[in-house]
Amino acid sequence: MQISMASSGPQNPSQIMPLELVDKCIGSKIHIKMKGDKELVGTLLGFDPYVNMVLEDVVVYEISSQGKKVTRLEQILLNGNNIALMIPGGEGPDN
Amino acid sequence: GPNPGGGGAKPGGKPGGKPGGKGDAQSEKKHKETIIDLSKHMDKPIRVKFAGGRECSGILKGYDPLLNLVLDATTEYLRDPEDSSKLTGETRQIGLTLCRGPAVMLICPADTLEPIANPFVPQD
């Protein structure tokens with residue numbers, strides 16, 4: 001998947017800009033892994049320059065040696081401070 | 001008791017402007033640069049370690065000055081649920097991912113990392 005950039009941005013014209021990738025994901029499912037052992041899957045409604053995210057129909061997985069604790073939430077604002085990894089289109093830790 | 005220095009003004013305070021400023025042209029140079037040039041690693045496999053202990057590797061497909069990374073064909077290295085500093089050797093393929101700059105602790109070429117014998121165990 002390559003996106004070519006007409007203007008702005010650094011030297012290499014055919015790389016994928018990280019925040020553009022997040023932007024393309026708006027409206028789709030995204031799987032987010034936090035710095036700790038928490039993961040979320042939800043539909044991305046939007047985000048801000050700090051990558052705080054608004055998500056819908058969220059499933060939260062808390063991973064521990066005892067297994068995964070699952071919670072469901074309708075709509076959340078996720079604080080971007082603790083996000084480590086994001087997987088656009090991801091379905092969660094169960095596949 | 002009342003301040004013997006008198007009034008509200010700080011003694012010896014500077015009237016205004018940045019103390020020690022060298023002028024506008026010089027202060028532009030202080031603009032932060034990353035100490036790693038990621039353009040050299042584009043389309044190459046890199047290993048990434050995160051604050052909190054997560055590790056992954058993948059092909060670098062993009063980055064920005066804040067060190068957000070786009071990795072393709074990402075492999076996640078799974079950790080022992082009982083000891084999160086230990087890798088189990090298990091991996092998961094997670095495809096195209098975005099690594100958040102603020103969480104990235106280490107970036108290195110994927111082929112320059114190798115396990116060594118524990119140097120802290122006394123050899124007797």
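- Linking ILVMFWY side-chain heavy atoms closer than 4.5 Å, directly or via other members, places V51(A) and I76(A) in a single hydrophobic cluster.
- Closest non-hydrogen pair, A103(B) versus A84(A), comes out as CB-CA, 3.8 Å.
- Interatomic distance, D64(B) CG to M17(A) CE, rounded to the nearest 0.5 Å: 5.5 Å.
- Proximity of L85(A) to L98(B): side-chain heavy atoms (C-beta onward) are nowhere separated by under 4.5 Å.
- Heavy atoms of L66(B) lying under 4.5 Å from chain A are absent altogether.
- For residues 99-112 of chain B, the pairs satisfying side-chain hydrogen bond (donor to acceptor under 3.5 Å, both in side chains) are N68(B)-R100(B), with sequence neighbours left out.
- Heavy-atom neighbours of chain B within the stretch residues 29-49 of chain A, taken at a separation under 4.5 angstrom, comprise K33(A), M34(A), K35(A), G36(A), D37(A), K38(A), E39(A).
- For the pair I87(A)/L96(B), no side-chain contact is recorded, criterion being any heavy-atom separation below 4.5 Å from C-beta on.
- In this structure, V70(B) and I16(A) approach most closely via the heavy-atom pair CG2-O, 3.5 Å.
- To the nearest 0.5 angstrom, K61(B) atom NZ is 8.5 Å from S14(A) atom OG.
- With hydrogens and angles disregarded, a donor-acceptor distance shorter than 3.5 Å links the side chain of Q15(A) to the backbone of Y63(B).
- A single hydrophobic cluster is seen to contain both I94(B) and I107(B), as judged by linkage of ILVMFWY side chains at heavy-atom distances under 4.5 Å, directly or through other members.
- Residue V48(B) is not grouped with residue Y77(B) when hydrophobic side chains (ILVMFWY) are merged at heavy-atom distances under 4.5 angstrom, including chains of intermediate members.
- Follow the hydrophobic side-chain contacts under 4.5 Å out from L87(B) and you never reach L78(B); the two are in separate clusters.
- The hydrophobic clustering, which links ILVMFWY residues whose side-chain heavy atoms are closer than 4.5 Å, places M53(A) and Y50(A) apart.
- With a 6.0 Å radius and a threshold of 12 heavy atoms from other residues, nucleotides or ligands, Q93(B) has its CD atom above the threshold.
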